[in-house]
Amino acid sequence: MYHAHGHKMVIAQGLRESAEHVLMKICLWALYLPQYPDLTVEIRIEDRYKPDVVQLDLTGRPIFWGESGQVSVKKIESLARRYRDTHFAIAKWAMRLDPLEALVREAVDGIRRGAPFDLISIPPDALTRFIDAEGRVSIGWGDVERVRIEG
C-alpha cells in the first residue's frame, strides 16, 4: 500500500513486471495526484490499450493517461489521435529524454491536440529517495526531469 497527498493505492508487481516499472507507476501516480485526485493504477478502460495510471471523466473517457516504460510510436499516434484533449505522461527509468521527445513529436505531428504530453525521467534511486518504509511517497517536480510538449 502506498500513500501520497492524503490518498492510498495498492500497487502490486505483476509476474513479468520489473521493479522499475512498478516504481515508475508509483511515481506517476504521486506526481499527478494533486492535479488529478481520482487517479487510479492498472485498470481496464474501454480501449484496446490499458493505461498504467489513469483518471476518467464522468463519461468514462480518460482526462489523464500515464504510461511507464516502453511505449510504441503506433500506440502514441493512436492515443493522441483518439484522445486529443487527454493529458498524457510517459515515464522512463533513468533515461535521457531527448530521444523520446523526438519520437513523440514525430508521432503527434499534424494532430491538433488540446492537452500536453509530459515526458519524465525517474532517477535510479527513486525507491530510496521517494518511498519510505511505510509506503509514503514524497516526490515532486524538482526531483525528476520533465519535458512538456504542448498540445
Side-chain angles (χ1 to χ4, degrees), residues 2-14 17-57 59-109 111-127 129-131 137-151:
Y2 297 93
H3 309 268
H5 307 287
H7 293 78
K8 54 187 166 185
M9 177 69 60
V10 174
I11 302 172
Q13 185 171 349
E17 188 175 31
S18 71
E20 290 83 6
H21 190 256
V22 174
L23 284 168
M24 287 186 286
K25 290 188 290 190
I26 293 166
C27 290
L28 277 176
W29 173 72
L31 283 166
Y32 286 97
L33 200 52
Q35 187 175 356
Y36 299 102
D38 294 323
L39 277 178
T40 191
V41 177
E42 289 288 342
I43 64 162
R44 286 242 172 252
I45 65 170
E46 295 200 16
D47 193 277
R48 71 182 217 202
Y49 295 115
K50 181 181 176 185
D52 288 322
V53 181
V54 69
Q55 181 166 318
L56 304 174
D57 68 13
T59 69
R61 286 186 60 84
I63 58 173
F64 175 85
W65 184 304
E67 289 287 331
S68 53
Q70 296 283 56
V71 185
S72 71
V73 172
K74 180 180 177 183
K75 182 175 183 178
I76 294 167
E77 288 174 352
S78 176
L79 293 172
R81 191 170 309 285
R82 289 181 295 121
Y83 301 117
R84 294 173 188 244
D85 292 320
T86 298
H87 182 172
F88 288 99
I90 301 173
K92 293 290 189 173
W93 187 258
M95 183 178 135
R96 285 185 30 236
L97 293 176
D98 47 330
L100 178 60
E101 180 181 5
L103 186 119
V104 171
R105 285 189 185 280
E106 182 179 327
V108 301
D109 187 43
I111 300 173
R112 296 186 89 150
R113 294 197 27 83
F117 248 97
D118 289 338
L119 313 175
I120 300 162
S121 181
I122 305 294
D125 59 352
L127 178 61
R129 278 182 60 198
F130 310 132
I131 303 171
V137 184
S138 299
I139 186 172
W141 293 114
D143 299 316
V144 297
E145 181 184 348
R146 175 173 62 166
V147 172
R148 175 165 280 187
I149 300 170
E150 293 296 338

Does [Y] offer a backbone N or O that forms a donor-acceptor pair with the side chain of [X] under 3.5 Å?
| X | Y | result |
| --- | --- | --- |
| Lys92 | Gly69 | yes |
| Thr40 | Val54 | no |
| Gln55 | Ile63 | no |
| Arg129 | Pro124 | no |
| His5 | Ala30 | yes |
| Arg81 | Ser78 | no |

Subject >> Among Leu39, Val137, Val41, Leu33, the one residue meeting side-chain contact (heavy atoms from CB on, under 4.5 Å) with Met9 >> reply: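 Among the candidates, only Val41 passes.
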Note, Val73 side chain near Glu106 side chain (heavy atom, < 4.5 Å):
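Side-chain contact under 4.5 Å: no.
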query: Got Ile111 and Arg84 here, is their nearest side-chain heavy-atom distance under 4.5 Å?
result: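 Yes, side chains in contact.
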Which of these passes ring-ring contact (aromatic ring centres under 6.0 Å, His included) with Phe117: Tyr83, Phe64, Trp65, Phe88?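 Among the candidates, only Phe88 passes.
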Show me the side-chain donor-acceptor pairs of residues 144-151 shorter than 3.5 Å, one per line, residues at least two apart or across chains.
{"from": "Arg148", "atom 1": "NE", "to": "Asp118", "atom 2": "OD1", "distance (Å)": "2.7"}
{"from": "Arg148", "atom 1": "NH2", "to": "Asp118", "atom 2": "OD1", "distance (Å)": "3.4"}
{"from": "Arg148", "atom 1": "NH2", "to": "Asp118", "atom 2": "OD2", "distance (Å)": "2.9"}

Can you check side chain to side chain contact (heavy atoms under 4.5 Å, CB included) on Leu100 and Val71, steps first, answer last?
CA-CA 10 Å; Leu100 178 60; Val71 185; over 6 Å; no
Calculate, to the nearest 0.5 Å, the distance between atoms [atom1] and [atom2] belonging to [X] and [Y] respectively.
| X | Y | atom1 | atom2 | value |
| --- | --- | --- | --- | --- |
| Ile139 | Ile26 | CD1 | CD1 | 10.5 Å |
| Leu28 | Ile122 | CG | CD1 | 6.0 Å |
| Glu20 | Gln13 | CD | CD | 8.5 Å |
| Met24 | Asp52 | CE | CG | 8.0 Å |
| Ser68 | Trp29 | OG | CH2 | 14.5 Å |
| Leu23 | Trp93 | CG | CH2 | 4.5 Å |

Practice problem: I would like to know whether Val22 and Ile11 meet side chain to side chain contact (heavy atoms under 4.5 Å, CB included); could you show each step before the answer? | Solution: CA-CA 7 Å; Val22 174; Ile11 302 172; 4.0 Å; yes
Minimum heavy-atom distance between [X] and [Y], given as atom pair plus value:
| X | Y | result |
| --- | --- | --- |
| Asp85 | Gly114 | OD1-CA, 3.5 Å |
| Glu42 | His21 | OE2-CE1, 4.4 Å |
| Arg96 | Pro99 | O-CD, 3.6 Å |

Can you label the angle between the Trp141 ring and the Tyr32 ring as parallel, tilted or perpendicular, going by 30° and 60°?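 The arrangement is perpendicular - the two ring planes meet at more than 60°.
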**Message:** Is the ring pair Tyr36/His87 parallel, tilted or perpendicular, if the boundaries are 30 and 60 degrees?
**Reply:**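 If you compare the ring of Tyr36 with that of His87, the planes turn out perpendicular.
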| message | Are there over 12 heavy-atom neighbours, none belonging to Lys8, within less than 6.0 Å of that residue's NZ? | response |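 Result for NZ/Lys8: open.
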Applying side chain to side chain contact (heavy atoms under 4.5 Å, CB included), run through Ile90 and Ile76 and close with a yes or a no. CA-CA 10 Å; Ile90 301 173; Ile76 294 167; 4.0 Å; yes
